[in-house]
**Q** 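Take a look at the following structure, please.
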Number of protein chains: 2
Amino acid sequence: MDAQTTHDPTQGVFRALADPTRRAILQQLAQGPRGVNALAQGFEMTRPAVAKHLKILEEGRLITVEQRGRERLNHLQPEMLAVAQRWLGFFEAFWDDKLADLKREVERDDD
Amino acid sequence: MDAQTTHDPTQGVFRALADPTRRAILQQLAQGPRGVNALAQGFEMTRPAVAKHLKILEEGRLITVEQRGRERLNHLQPEMLAVAQRWLGFFEAFWDDKLADLKREVERDDD
DNA sequence: TATAAATGAAACCGAAAGGTTTCGTATTAT
DNA sequence: ATAATACGAAACCTTTCGGTTTCATTTATA
């Protein structure tokens with residue numbers, strides 16, 4: 001399928017979060033906007049590799065890019081991270097209390 | 001690298017969450033344990049395909065498997081979802097208030 | 001103006017992902 | 001005992017992923 005064109009915003013976010021380098025980039029950007037060169041120095045890979053990760057982060061709308069002359073500042077855009085957190089929030093009931101275990105037992109009897 | 005052997009539990013979770021089918025499986029399992037056949041009926045793919053997804057969910061420790069005779073009941077195990085949510089919680093400060101915007105402005109002046 | 005810097009873009013590569021079909025094997029039901 | 005059920009496992013295929021090297025382009029500076 002076409003992951004980029006899919007109009008489910010959740011997909012773009014979780015796709016972007018799947019890679020450890022991209023998660024590390026997000027944490028870097030939490031400390032302020034960075035260009036691709038500055039970011040690449042923190043990772044053991046070439047600049048184009050980091051640039052590709054940034055593109056995927058941009059597609060998932062986890063960052064925005066601010067063009068400043070010949071520089072391209074990548075800014076963290078945290079709203080979509082909140083979307084991901086809310087998606088996970090659906091499962092909160094299953095770790096907040098012990099209802100989950102009880103539920104499992106009850107449904108086992110029903111089957 | 002070796003995603004399975006990596007002893008960073010975060011990686012296994014986010015890897016598992018990257019696929020929409022696997023996220024849907026988790027939501028299905030939130031309503032109770034299911035065997036692979038029951039799950040496969042809900043998706044437009046074959047049973048072995050769903051079985052592979054379940055294996056990845058198990059590797060990420062998002063589900064546990066209970067063998068009951070010839071059946072294999074897949075149970076949601078929500079603890080690692082909480083791990084993912086907490087990882088995202090690090091960024092809460094950036095959407096909770098407007099400090100993020102202020103921070104960006106300040107650091108732009110510093111550069 | 002020449003040069004250095006910051007980056008995009010393209011071509012390419014091996015490995016991983018996501019799917020299929022086919023076959024084998026326990027376990028349950030008739 | 002036989003047949004149906006619920007699986008796992010293997011082989012195979014195509015696409016995506018994550019990385020590289022090379023080259024072109026735009027912007028800043030000596």
Side-chain angles (χ1 to χ4, degrees), chain A residues 1-6 8 11-26 28-29 32-60 62-75 108 111, chain B residues 1-6 8 11-26 28-29 32-60 62-75 108 111:
Chain A
M1 282 291 171
D2 190 336
Q4 290 92 306
T5 312
T6 297
D8 175 14
Q11 180 51 29
V13 178
F14 280 114
R15 178 203 178 208
L17 291 174
D19 186 88
T21 301
R22 289 193 291 266
R23 292 196 302 277
I25 288 174
L26 291 176
Q28 287 274 124
L29 294 183
R34 300 278 186 275
V36 65
N37 271 319
L39 285 169
Q41 287 177 347
F43 302 99
E44 290 187 335
M45 67 185 70
T46 59
R47 191 254 308 164
V50 175
K52 282 192 187 180
H53 285 303
L54 289 170
K55 190 163 158 238
I56 291 172
L57 287 168
E58 198 183 355
E59 286 171 355
L62 294 167
I63 64 172
T64 54
V65 181
E66 176 197 6
Q67 190 90 29
R68 283 182 80 77
R70 71 178 157 182
E71 298 217 37
R72 226 176 132 78
L73 274 293
N74 302 276
H75 292 259
R108 181 181 301 169
D111 286 358
Chain B
M1 282 290 173
D2 190 336
Q4 288 92 308
T5 311
T6 297
D8 175 14
Q11 179 52 30
V13 177
F14 280 114
R15 203 243 307 195
L17 290 174
D19 186 272
T21 301
R22 289 193 290 267
R23 291 196 303 276
I25 288 174
L26 291 175
Q28 286 274 123
L29 294 182
R34 299 279 186 272
V36 64
N37 271 317
L39 285 169
Q41 288 177 347
F43 302 99
E44 290 187 336
M45 66 184 70
T46 59
R47 191 253 308 162
V50 175
K52 283 191 186 179
H53 284 303
L54 289 170
K55 189 163 159 240
I56 291 172
L57 287 168
E58 197 183 354
E59 286 170 357
L62 293 168
I63 64 172
T64 56
V65 180
E66 176 197 6
Q67 189 91 29
R68 283 181 81 79
R70 70 179 156 180
E71 299 217 34
R72 228 176 130 78
L73 273 293
N74 301 276
H75 292 260
R108 180 180 301 168
D111 284 359

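Order of the sequence lines sets the chain letters (A, B, ...), proteins ahead of strands, with each chain counted from 1.
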**Q** How many whole angstroms separate atom CZ of A:R15 from atom P of C:dA17?
**A** 14 Å
**Q** Of the non-hydrogen atoms in B:L29 and B:N74, which two are nearest, and what is the gap between them?
**A** CD2-O, 3.3 Å
**Q** Report the distance from atom CD1 of B:I63 to atom CG of B:L73, rounding to the nearest 0.5 Å.
**A** 11.0 Å
**Q** When the distance from CD of B:E66 to C1' of D:dA6 is rounded to whole Å, what number comes out?
**A** 15 Å
**Q** Name each donor-acceptor pair under 3.5 Å that joins a side chain in residues 18-25 of chain B to protein atoms two or more places apart or in another chain, with its distance.
**A**
{"from": "B:D19", "atom 1": "OD1", "to": "B:T21", "atom 2": "N", "distance (Å)": "2.8"}
{"from": "B:D19", "atom 1": "OD1", "to": "B:T21", "atom 2": "OG1", "distance (Å)": "3.4"}
{"from": "B:D19", "atom 1": "OD1", "to": "B:R22", "atom 2": "N", "distance (Å)": "3.3"}
{"from": "B:R22", "atom 1": "NE", "to": "B:A16", "atom 2": "O", "distance (Å)": "2.8"}
{"from": "B:R22", "atom 1": "NH1", "to": "B:H53", "atom 2": "ND1", "distance (Å)": "3.0"}
{"from": "B:R22", "atom 1": "NH2", "to": "B:R15", "atom 2": "O", "distance (Å)": "3.2"}
{"from": "B:R23", "atom 1": "NH1", "to": "A:Q11", "atom 2": "OE1", "distance (Å)": "3.2"}
{"from": "B:R23", "atom 1": "NH1", "to": "B:L17", "atom 2": "O", "distance (Å)": "2.7"}
{"from": "B:R23", "atom 1": "NH1", "to": "B:A18", "atom 2": "O", "distance (Å)": "3.4"}
{"from": "B:R23", "atom 1": "NH2", "to": "A:Q11", "atom 2": "OE1", "distance (Å)": "2.7"}

**Q** Quick one: A:K55 NZ to D:dG19 P, roughly how many Å, whole number?
**A** 15 Å
**Q** Just the atom pairs and distances: protein N or O near nucleotides 3-8 of chain C's N or O, under 3.5 Å.
**A**
{"from": "C:dA5", "atom 1": "O4'", "to": "A:R70", "atom 2": "NH1", "distance (Å)": "3.3"}
{"from": "C:dA5", "atom 1": "N3", "to": "A:R70", "atom 2": "NH1", "distance (Å)": "3.3"}
{"from": "C:dT7", "atom 1": "OP1", "to": "A:R72", "atom 2": "N", "distance (Å)": "3.4"}
{"from": "C:dT7", "atom 1": "OP2", "to": "A:N37", "atom 2": "N", "distance (Å)": "3.2"}
{"from": "C:dT7", "atom 1": "OP2", "to": "A:N37", "atom 2": "ND2", "distance (Å)": "2.8"}
{"from": "C:dT7", "atom 1": "O4", "to": "A:R47", "atom 2": "NH2", "distance (Å)": "3.4"}
{"from": "C:dG8", "atom 1": "OP1", "to": "A:R72", "atom 2": "NE", "distance (Å)": "2.4"}
{"from": "C:dG8", "atom 1": "N7", "to": "A:R47", "atom 2": "NH1", "distance (Å)": "2.9"}
{"from": "C:dG8", "atom 1": "O6", "to": "A:R47", "atom 2": "NH2", "distance (Å)": "3.4"}

**Q** Can you work out whether A:G69 or A:A49 has the more 5'-proximal nearest nucleotide on DNA chain D?
**A** A:A49
**Q** On the nucleotide D:dG19, are OP1 or OP2 found under 4.0 Å from the side-chain N or O atoms that A:T46 carries?
**A** no
**Q** Mind checking the CZ-CD spacing from B:R72 to B:E58? Nearest 0.5 Å is all I need.
**A** 6.0 Å
**Q** Check side chain to side chain contact (heavy atoms under 4.5 Å, CB included) between B:A38 and all other residues, then give those that pass, not counting sequence neighbours.
**A** B:R34
**Q** Write down the distance between NZ (A:K52) and C1' (D:dT21), rounded to a whole number of angstrom.
**A** 11 Å
**Q** In whole angstrom, what separates B:I56's CD1 from D:dG8's P?
**A** 14 Å
**Q** Under a 4.0 Å heavy-atom cut-off, which of residues 17-24 of chain B touch DNA chain C?
**A** B:D19, B:R22
**Q** Mind calculating the distance between CD (A:E44) and C1' (D:dT20) to the nearest angstrom?
**A** 15 Å
**Q** Could you pull out all residues at least two apart from A:R47 that satisfy side chain to side chain contact (heavy atoms under 4.5 Å, CB included)?
**A** A:V36, A:N37, A:A40
**Q** Rounded to the nearest Å, what distance is computed from the CZ atom of residue B:F14 to the P atom of nucleotide C:dA17?
**A** 17 Å
**Q** Under 4.0 Å between a side-chain N/O of A:H53 and OP1 or OP2 of D:dC17, yes or no?
**A** no
**Q** Could I get the full list of side-chain hydrogen bond (donor to acceptor under 3.5 Å, both in side chains) partners for A:E44, not counting sequence neighbours?
**A** none
